[in-house]
Structure formats: C-alpha cells, structure tokens
Amino acid sequence: MNAYKFLRPDGTGVFSGFHWPLPVGVPGAWVRSDVDPCRSGIHACRPRHLPLWIGRSLYEIELDGEIVDDAMKVVASQGRLLRRVDAWDEQAYDDYTRMCADRAHELARARALESWEAVIEPSVPEGGALLGFVAARIAEVIDGEDGYRRERASQAEWLVERLGLTP
Amino acid sequence: MPHSPLHITCQEVVELVSDYLEQALPADEAAVFEQHLNFCDGCALYVDQVRKTIDAVGELRAEDVPEETKARLLTAFRDWRRG
C-alpha cells in the first residue's frame, strides 16, 4: 500500500533521526524494521493522519510486509520512498497555516472564546502543526472530542485536495 | 496517564519524559507525546536536552570524575549521613 511520510528538510526522520534513502528519479532503497508502534517500524500516514504530523517535507511511501493500522498512524515492516510531494512547498505550508488560523478565529469568535482568540495570531510564526492543533482544540472546547476529530478530518481534506493526494 | 486520549499538555510532557525516553509508554500515549513534540518547539527542545543529559551521564565512568570532585562528593555524602 502507499502512504505518506513527513521528514525533516534534510531527509531524516522527525523522531528517529534516521537518514532515509531518498528517491532520485527512482524510488529510494527499501528499509526494513520490526513493527512495534512508536518504537520501531516504518511509521507513515494515511491521508487522515497527515494533520497530526505536519512537517516541512512530505514524501509518498510504499509500505509492504507486516502493516499495522493505528488511529494516529500506520506502521509497516518495510517501506521505501517513492517520490517527494512537490506540491507541499513553502507556499502550501504557509497557506495551510493561514487556513488553520482563519478557521481557529472563526470558531473562537462564534463562541466568544477570547482567551483562545488571543493565542491564535501569536502562534502563526510557529507554523501549521501548531495552528492545526489550536483550531482542533478550539473545536474540542466547543463540541468535545467529536469536534476535535471533525476539525482534524477537515484539515486532512484540505491537504488531500490542495496536494492532489490519493484519499 | 494523559487526561485526554487526543493530546497532552506541556506539563504532562514533563511528567512523562522519562517513561518516553525509556520506551515505557504505551503506544497510544507515545503517539500523543510525539504529536505534542511535533508542534511544540519548547517541549521538543526540553526532551532533547533530557535525552542528551541521560546519554552523557550514562557514559560517565568513575575514573572520569576528577579526584577533587570525588573528594567533595564524599565529604558532602558523609555530612549528609551525619545530618
């Protein structure tokens, strides 16, 4: 199956620091690891997971072998990077951040959540991962965990449409 | 245990950092822990500093400690025992 994976701009894993074999015209080399979610294995995102792990560089990854689906990620015993998602560039990152900020304002203003409203703009320089969280948290304040999940789903839909990803 | 299955606070990161670094957190708690680090630069820096400290202390051998420091520590330990 194909999924997506955020890496640091230098091609290393955000939490593992692993230097991924990057695709250069052809897919990168296969990487293998025992599956143990959050400890070992190839960690990746289905589109619905993307807002939870927003980073600067996004790749499409092919997963194989043992595959474990989780609420927040998918973990496999084998994976190789197929291509960089070029549409996830600086402009798309900034647009996503702005979209989340505007949505957070919309939610906070509708319920006069002034303390939340006050944190939105100062958070914008921190980027899309934080603003996506802020918008989802405000939705949670209003509608509970279902609100949080709906907001995250909406953010994922934005990313799928903007980046032309396979849902 | 985090108060929410969806996210954790900076305070909870501080409370859980040892378990996280020792890979003692259940997978779902480790996932929300890492999600927090993904958007909170302050906590990511804090966890990195704790990790480096643990690594440094783990590599420290008795013979690496200067004699003067050993003597001061032993004196402090004796005083503590007397106190």
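Reminder, nothing fancy here: chain letters follow the sequence lines and each chain counts from 1.
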Can you get from [X] to [Y] by hopping between Ile, Leu, Val, Met, Phe, Trp and Tyr side chains that sit under 4.5 Å apart?
X: Val85(A); Y: Ile42(A); value: no
X: Leu131(A); Y: Ile142(A); value: yes
X: Val31(A); Y: Leu82(A); value: no
X: Phe33(B); Y: Val14(B); value: yes
X: Leu7(A); Y: Leu58(A); value: no

For chain B against chain A, print all donor and acceptor atom pairs separated by less than 3.5 Å.
from, atom 1, to, atom 2, distance (Å)
His7(B), NE2, Glu140(A), OE1, 2.6
His7(B), NE2, Glu140(A), OE2, 3.4
Gln23(B), O, Arg39(A), NE, 3.0
Gln23(B), O, Arg39(A), NH2, 3.2
Leu25(B), O, Arg39(A), NH2, 2.5
Asn38(B), ND2, Trp53(A), O, 3.4
Asn38(B), ND2, Ile54(A), O, 2.9

Whichever hydrophobic residues join Val68(A) through chains of side-chain contacts under 4.5 Å: Val35(A), Val75(A)
